[in-house]
Amino acid sequence: MKLSKSEKYLLTCSYGPDSMALFFYLLENNFDFEIAHVNYHILAQADDDEKGIREFANKYDIKIHVLSTYMPENVNEEIWARNVRYTYFEELAKKLGIKNVLVAHNEGDLIETYLLQKARGGVFFKYGLSEVSERGYIKIIRPLLKIKKDDLEKYCIYNNVPYSIDPSNFDSKFKRNAIRKELKLKSDTEIEQIVNEINEKNLQNSLIIKKYKKLGLPNKLYINKDLLKDITVEEFQLLLIYMLLNKGIYTSFSKGRVKNLLEVIYNSKLNHREKIDDNYYLSIDYGELKIVKKGTRYEYFLNDKEDGNPLFKINSDSEDFELVKDNFPIKIKPALEGVKYRKNGKTFKVNREFISWKLPWYLREVWPGIYTKNDELIYVPRYQIKVKKNGLLLFNPDRLL
């Protein structure tokens, strides 16, 4: 794929032949870029690799950023290293104000990833690797997916570009390396057939997503039983992965878990939730399935009607302003279920109010209340799509998560 000279790039560089070939290509064609390198200190040559890439970057006056880290005990090396580097690339790019992050995966990486996916038997939104994908703040760009690794090595040799070979590439304990050895024995025709297979499967997946787009994807999934009645477990699994990726969540659902979720939907269970990880939940509320972020506890103090913060503001024009005008300073924190409050001479239970308002469960844990300095709950804003302008407490519900 073509890169734009009007854009600035952050090149992730391991000092292997792929990333060094891309490094030299960017240099030779006068692209605007900086370098990011991660030294995991796992390989004996790790410090030499860092030194080599620093010297090459300094030679051409290219800014280089290096993360030095060490692997903790009892972790999966590949998963840990991947999470470390992509988190670093995203944080660094955001700090530098660079949106585009270049990764030098080649055609071999594309095929190896696909064959690993097949071996695991999972359903993937995208088979192989994407030329362009989003991860939080950054856009990950892989411009070398149609180029063979051998050609990249030849390019480095021809242009006197230094590089090193990772000895772990030959370690048979990694399944990817076993696949890599098998691929070396395949003909160009067989390789082309695998690439065509990848493209065909990705086309099929895109058609499935298109079919169900009317259900609100990727932000939500409306529970339309007529449309979902004939959906297969694999198709529903694909939709969930699509929604997860939209939230920047790089995990999956097993087929057994997906099957159970479909049963929940078919049994007309209006309210359901299950944990995805420490930060996100899957939620079904009143016919709508969403991937939602777990709310965090908060507590704010407002000293007067003019006092405010990025989340909350008191509306002195509200008919309920009488409740707070003589109670400053007031406290704003979640109105937890089970707590009672009085209004217009009546006592209300927060949880009963939440149910009558059809407040989604994921908002119930963070929905705000106004408390006196003596910790008495005196006001809970009514739930609706957007908080009304005439309400006493003005805020954006989406910012509570």
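Positions are given from 1 along the sequence. Because the structure is a prediction, the values reported are computed rather than measured.
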Mind checking what makes salt bridge (Lys or Arg N to Asp or Glu O under 4.0 Å) contact with [X], not counting sequence neighbours?
X      : result
Asp375 : Lys331, Lys333
Lys275 : Asp278
Arg82  : none
Lys8   : Glu34

*Regarding Ser283 and Asp285, is there a side-chain donor-to-acceptor distance under 3.5 Å anywhere?*
yes
*Answer yes if the side chains of Asn327 and Thr372 hold a donor-acceptor pair under 3.5 Å, and no otherwise.*
no
Partner set under side-chain contact (heavy atoms from CB on, under 4.5 Å) for [X], not counting sequence neighbours:
X      : result
Leu311 : Tyr300, Asn309, Arg399
Glu7   : Ser4, Tyr9, Asn100
Ala36  : Leu10, Tyr88, Phe89, Leu92
Glu131 : Met1, Leu145, Lys146

NZ/NE/NH1/NH2 to OD/OE distance under 4.0 Å, [X] and [Y]:
X      : Y      : result
Lys118 : Glu197 : yes
Glu365 : Arg273 : yes
Lys149 : Glu107 : no

*Ile53 and Ile64: CA distance, side-chain angles, deciding distance, side-chain contact (heavy atoms from CB on, under 4.5 Å) verdict*: CA-CA 9 Å; Ile53 194 170; Ile64 180 170; 3.8 Å; yes
Contacts table for residues 207-221: side-chain donor-acceptor under 3.5 angstrom, sequence neighbours left out:
residue : atom : partner : partner atom : Å
Lys213  : NZ   : Tyr242  : OH           : 2.9
Asn219  : OD1  : Asn246  : ND2          : 3.0

_side chain to side chain donor-acceptor pair (under 3.5 Å) pairs, two or more places apart, involving residues 54-64_ = Glu50-Arg54
_Of all pairs that satisfy side chain to side chain donor-acceptor pair (under 3.5 Å), the ones with a partner from residues 316-326, not counting sequence neighbours_ = Glu322-Lys325
_On a heavy-atom basis, which atom in Asn202 and which in Phe125 lie closest, and how many Å separate them?_
OD1-O, 4.3 Å
*Okay, side chain of Ser206, backbone of Leu203: is any donor-acceptor separation there less than 3.5 Å?*
yes
Please confirm whether [X] and [Y] have ring centers closer than 6.0 angstrom.
X      : Y      : value
Tyr15  : Tyr163 : no
Tyr40  : Trp80  : yes
Trp367 : Phe395 : yes

*asked:* Does anything in residues 296-315 form a salt bridge (Lys or Arg N to Asp or Glu O under 4.0 Å)? List the pairs, not counting sequence neighbours.
replied: none
